[in-house]
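Quick one: the structure is below, questions incoming.
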Amino acid sequence: MKTVIPAWEVPAVPVAGSAARFPVRRIYCVGRNYAEHAREMGGHPEREPPFFFMKPAEAVVTDGRMAYPPMTADLQHEVELVVALACGGRDIPAAEALDCVFGYAVGLDMTRRDVQAELKAKGRSWEMGKAFDQSAPISAIAPAARIGHPQRGAITLTVNSQPRQHGDLADMIWPVADIIARLSGYVTLQPGDLIFTGTPAGVGKVERGDRLEGAVEGVGELSVAIA
Ligand code: MN
């Protein structure tokens with residue numbers, strides 16, 4: 001294709017046990033998918049329909065180093081199970097949804113909490129609190145063909161080796177299959193889409209120089225330094 005400005009490379013994430021990478025099309029995120037986190041954010045943990053927001057594909061960070069973003073004094077971590085889709089579609093039934101999953105990764109939904117809170121209070125879009133440069137550090141993707149579809153297991157985050165977040169995948173209000181089914185009602189999901197599935201309780205602030213280490217049992221680990 002001839003382009004009027006130079007085209008860029010498609011953002012891509014390493015795949016565990018492979019030299020080939022996973023190309024990223026779009027990043028969807030689920031809000032408040034663990035009851036304890038919904039409570040800490042001042043909400044109600046009832047099984048309300050999940051809500052979604054996005055980050056740009058280019059927000060992925062795969063080299064373990066994230067720059068502290070501008071326009072915030074309250075950068076916070078949210079460790080999450082990430083789903084990588086190999087296929088897509090509209091109105092995907094929950095019973096068929098996992099057939100579309102290529103694999104799973106550990107991700108960080110990094111958040112400018114002060115910006116998010118200010119926008120939320122004004123009833124405005126969260127975008128600049130969530131969808132900024134380097135806001136989506138992610139581990140290598142573990143193929144479902146190798147690890148299966150984890151339904152339970154610890155999801156944890158430490159900052160400078162101190163425990164911060166701890167939960168279990170079994171405590172998701174909306175499991176992965178339900179998230180895919182619901183999201184595919186709003187948009188036609190596509191191969192290459194990533195879905196961040198929400199964070200357990202214990203979100204908190206990070207500073208320049210901190211090292212974040214996330215893990216999801218049976219999926220993998222992620223280590224990120226805030227530069
Ligand atoms: Mn999140």
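We count ligands from 1, going down the list as the structure has it; atoms in each ligand are counted the same way.
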Handout entry: Aromatic contact, Tyr28 with Phe196 (centres under 6.0 Å)
Key =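 No, too far apart.
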Exercise for the section: Could you tell me how the ring of Trp126 sits relative to the ring of Phe53: parallel (under 30°), tilted (30 to 60°) or perpendicular (over 60°)? Expected result: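 Trp126 vs Phe53 ring planes: tilted.
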Handout entry: Closest Glu78 atom to the Mn ion (ligand 1) [N, O or S only]
Key =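 The nearest such atom is OE1.
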Handout entry: Same apolar cluster: Leu81 and Val224, side chain cutoff 4.5 Å
Key =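 Yes, it is one cluster - the side chains of Leu81 and Val224 are joined through contacts under 4.5 Å.
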Practice task
Looking at Asp109, pick out the N, O or S atom nearest to the Mn ion (ligand 1) and give its name.
Solution key: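 Closest N, O or S atom of Asp109 to the Mn ion (ligand 1): OD2.
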Exercise for the section: Specify which N/O/S atom of Glu80 comes nearest to the Mn ion (ligand 1), by atom name. Expected result: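 Result for Glu80 and the Mn ion (ligand 1): OE2.
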Problem - Given Thr158, Asn160, Ile226, Val206, the one that forms side-chain contact (heavy atoms from CB on, under 4.5 Å) with Arg211 - result: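 Testing each of Thr158, Asn160, Ile226, Val206 against Arg211, the sole residue satisfying side-chain contact (heavy atoms from CB on, under 4.5 Å) is Asn160.
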